[in-house]
**Q** 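If you scroll down you'll find the structure; I have some questions about it.
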Amino acid sequence: MRRCIDLGWMGKPNVAPNPMVGALLVYKQNNILGQGYHKIYGSAHAEVMAVDSVLPAQRHLISKSLLYITLAPCCIYGNTPPCTSLIAKNKIPQVIFACQDTTPGVEDESVPILKKAGVNVMHGIKKEEAFKLFQQRNCFLKNKRPYIIIKFAQSKDNFIGQAGKSVWLSNPVSKMLVHKWRSETGAIIVGKNTALTDNPRLNTRLYPGKSPLRIVMDRNLEIASSAHIFDSSAPTWVITEKKKSDYKNIKYIQHDFGAESLETILSRLHEAKISALIVEGGAKLINSFIEKNLWDEARVFHCDKTLTTGIPAPVIPVTPSRTIKVANDDLKIYYR
Ligand code: AOF
Ligand code: ZN
């Protein structure tokens with residue numbers, strides 16, 4: 001199952017909003033006949049990849065093997081046919097999976113379907129470890145919004161930056177890590193002031209992979225069209241009160257900036273099948289997410305520099321779950 005979990009993680013950049021799933025076919029305890037993982041949203045599931053990977057000379061052993069999976073096999077026609085049918089057709093006698101699939105129509109159905117087909121089912125194996133593979137997906141299904149990741153860097157004396165001035169706090173390794181996160185996340189949002197002072201690109205130029213959907217809050221359309229955020233490197237949404245026609249990769253979304261503003265944006269992202277969002281700044285936007293309890297995880301770089309004055313860093317209202325050393329920055333991870 002540990003190996004299945006590792007395989008599952010390999011799908012991270014490309015399977016959202018689907019879950020990350022790894023599968024392993026094992027013959028007589030330690031002989032791995034086949035393995036696979038869900039690689040790209042809409043493509044073959046992990047079980048199909050594992051079965052297809054078995055060498056022709058060993059295919060007769062499939063019906064004598066155990067199938068390990070990180071997630072309960074699906075039993076619905078989605079983009080692909082149900083994996084429960086694949087298991088039955090290949091006469092796989094036993095399935096062992098870690099976590100339930102919380103998708104409606106799968107959660108309570110797939111185990112009975114397998115049992116009815118005569119398959120022995122065992123589950124819950126390493127489920128705490130495997131659970132992380134499904135955190136974003138489960139949040140997306142349950143809350144009908146993306147999994148929200150707050151990200152920022154703060155100085156030694158707890159400032160996030162200085163008004164009207166671009167200040168760089170974290171080191172180049174942290175910067176590259178942030179680009180990796182971008183490549184794994186559907187969308188990224190910033191406030192107007194961040195777009196004006198930092199002029200960020202918000203793309204994935206320091207790490208291979210696709211750039212997220214960029215979202216910028218610009219109520220009165222104050223950001224110049226020459227800003228980096230309007231370059232052609234990624235699709236971009238401008239959330240504004242004004243009416244403006246879409247232009248190339250830029251979509252203008254007329255929006256009510258009232259009390260339910262964030263919720264409306266999140267619903268739109270849910271509709272667009274975006275299952276994870278990075279809230280990149282500034283302090284005002286991050287604080288409005290925190291105040292509404294609309295966050296799931298925070299990744300905060302505690303940096304070596306001192307600023308003396310500036311904009312106070314947002315306060316994450318829980319203790320960090322862990323601290324990771326990234327060169328001379330301390331990356332603290334918080335879960336709500
Ligand atoms: C599996 N194995 O590798 C994955 C599963 O047809 P789709 O791709 O739209 O998938 C829809 C359903 O399959 C849904 O329940 C989702 O959670 C599950 N994903 N299931 O058996 C896999 N990726
Ligand atoms: Zn499936």
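When a ligand or atom number is given, it counts from 1 through the structure's own listing order. No hydrogens, no waters, no symmetry mates; every other heavy atom, side chains included, goes into these values.
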**Q** Side chain or backbone, does A46 bring an N or O within less than 3.5 Å of an N or O on ligand 1?
**A**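 Yes; at least one N/O pair falls below 3.5 Å.
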
**Q** Of E47, M49, E107, E109, which has the heavy atom at the shortest distance from atom 2 (N) of ligand 1?
**A** E47

**Q** Going by the atom numbers of ligand 1, which of them fall below 4.0 Å from some non-hydrogen atom of P73?
**A**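 Near P73, the atoms of ligand 1 are 21 (O).
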
**Q** Between F230 and Y252, what is the ring plane arrangement, given parallel below 30°, perpendicular above 60°, and tilted in between?
**A**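 F230 and Y252: tilted rings.
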
**Q** Atoms of ligand 1 less than 4.0 Å from C83 heavy atoms?
**A**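 What qualifies from ligand 1 is 21 (O).
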
**Q** Provide the closest heavy-atom pair for Q254 versus E241 in the form atom of the first, atom of the second, distance.
**A**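 Taking every non-hydrogen atom into account, NE2-O, 3.2 Å.
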
**Q** If you draw a 6.0 Å radius around OH in Y247, do more than 12 non-hydrogen atoms from other residues or ligands fall strictly inside?
**A** no

**Q** With only distance considered, is D101 within less than 3.5 Å of ligand 1 through an N or O on each side?
**A** yes

**Q** Below 4.0 Å, non-hydrogen atoms only: which portion of T80 touches ligand 1? Side chain, backbone, both or neither.
**A** both

**Q** Taking 4.0 angstrom as the limit and counting only heavy atoms of G78, give me the atoms of ligand 1 inside it, by number and element.
**A** 6 (O)

**Q** Taking atom types as modelled and ignoring hydrogens, do the side chains of R205 and N203 form a donor-acceptor contact shorter than 3.5 angstrom?
**A**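 The criterion, which ignores hydrogens and geometry beyond distance, is satisfied for N203 and R205.
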
**Q** In the protein, what heavy atom is nearest to atom 20 (N) of ligand 1, and what distance, to one decimal place, separates them?
**A**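 Going by distance alone, atom 20 (N) of ligand 1 is nearest to H45 ND1, 3.4 Å.
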
**Q** Can you list the atoms of ligand 1 that are under 4.0 Å from a heavy atom of V21?
**A** 2 (N), 3 (O), 4 (C), 22 (C), 23 (N)

**Q** Should you measure from each heavy atom of V106, which atoms of ligand 1 turn up under 4.0 Å away?
**A** 15 (O)

**Q** Within the 3.5 Å criterion, strictly below it, is a donor on R137 or T103 matched to an acceptor on the partner's side chain?
**A** yes

**Q** Considering residues, nucleotides and ligands other than K305, do more than 12 of their heavy atoms fall under 6.0 Å from its NZ?
**A** yes

**Q** Cation-pi between K132 and W9: NZ/CZ under 6.0 Å from ring centre and within 45° of the ring axis?
**A**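 Output no; distance or angle outside limits.
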
**Q** For ligand 1, is there an N or O atom under 3.5 Å from any N or O atom of C74?
**A** yes

**Q** Among all protein heavy atoms in this structure, tell me which lies nearest to atom 23 (N) of ligand 1, with the distance rounded to 0.1 Å.
**A** H38 CD2, 3.2 Å

**Q** Checking side chain to side chain donor-acceptor pair (under 3.5 Å) between S174 and each of D330, N328, D329, which is the one that passes?
**A** D329

**Q** Assign the ring pair H270 / F140 to parallel, tilted or perpendicular, where the plane angle (0 to 90°) is split at 30° and 60°.
**A**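 Correct class here is tilted.
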
**Q** Pairing donors with acceptors under 3.5 angstrom, does anything connect the side chains of N249 and S232?
**A**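 Side chains of N249 and S232: no pair found under 3.5 Å.
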
**Q** Is the shortest side-chain heavy-atom distance between K244 and L221 below 4.5 Å?
**A** yes

**Q** Kindly confirm or rule out a cation-pi arrangement of R214 over W237, judged by NZ or CZ under 6.0 Å from the six-membered ring centre and within 45° of its axis?
**A** no

**Q** Assess the side chains of Y147 and E297: does a donor N or O sit below 3.5 Å from an acceptor N or O?
**A**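 Judged by distance alone, the side chains do pair up.
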
**Q** Tell me whether S43 has any N or O atom under 3.5 angstrom from an N or O of ligand 1.
**A**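 No, since none of the N or O atoms of S43 sits under 3.5 Å from an N or O of ligand 1.
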
**Q** Keeping waters out of it, list the protein N, O or S atoms under 2.8 Å from the Zn ion (ligand 2).
**A** H45 ND1, C74 SG, C83 SG

**Q** Judged by non-hydrogen atoms, does R137 sit under 4.0 Å from ligand 1?
**A** yes

**Q** Among all protein heavy atoms in this structure, tell me which lies nearest to atom 9 (O) of ligand 1, with the distance rounded to 0.1 Å.
**A** N79 ND2, 2.9 Å

**Q** Identify the two heavy atoms, one from I92 and one from S65, that lie closest to each other, and give their separation to 0.1 Å.
**A**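 In terms of heavy atoms, the two residues are closest at CG2-O, 3.6 Å.
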
**Q** Can you list the ligand 1 atoms lying under 4.0 Å from a non-hydrogen atom of T103?
**A**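 Counting atoms of ligand 1 from 1, those under 4.0 Å from T103 are 14 (C), 15 (O), 16 (C), 17 (O).
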
**Q** In ligand 1, which numbered atoms sit nearer than 4.0 Å to a non-hydrogen atom of P19?
**A** 16 (C), 17 (O), 19 (N), 23 (N)

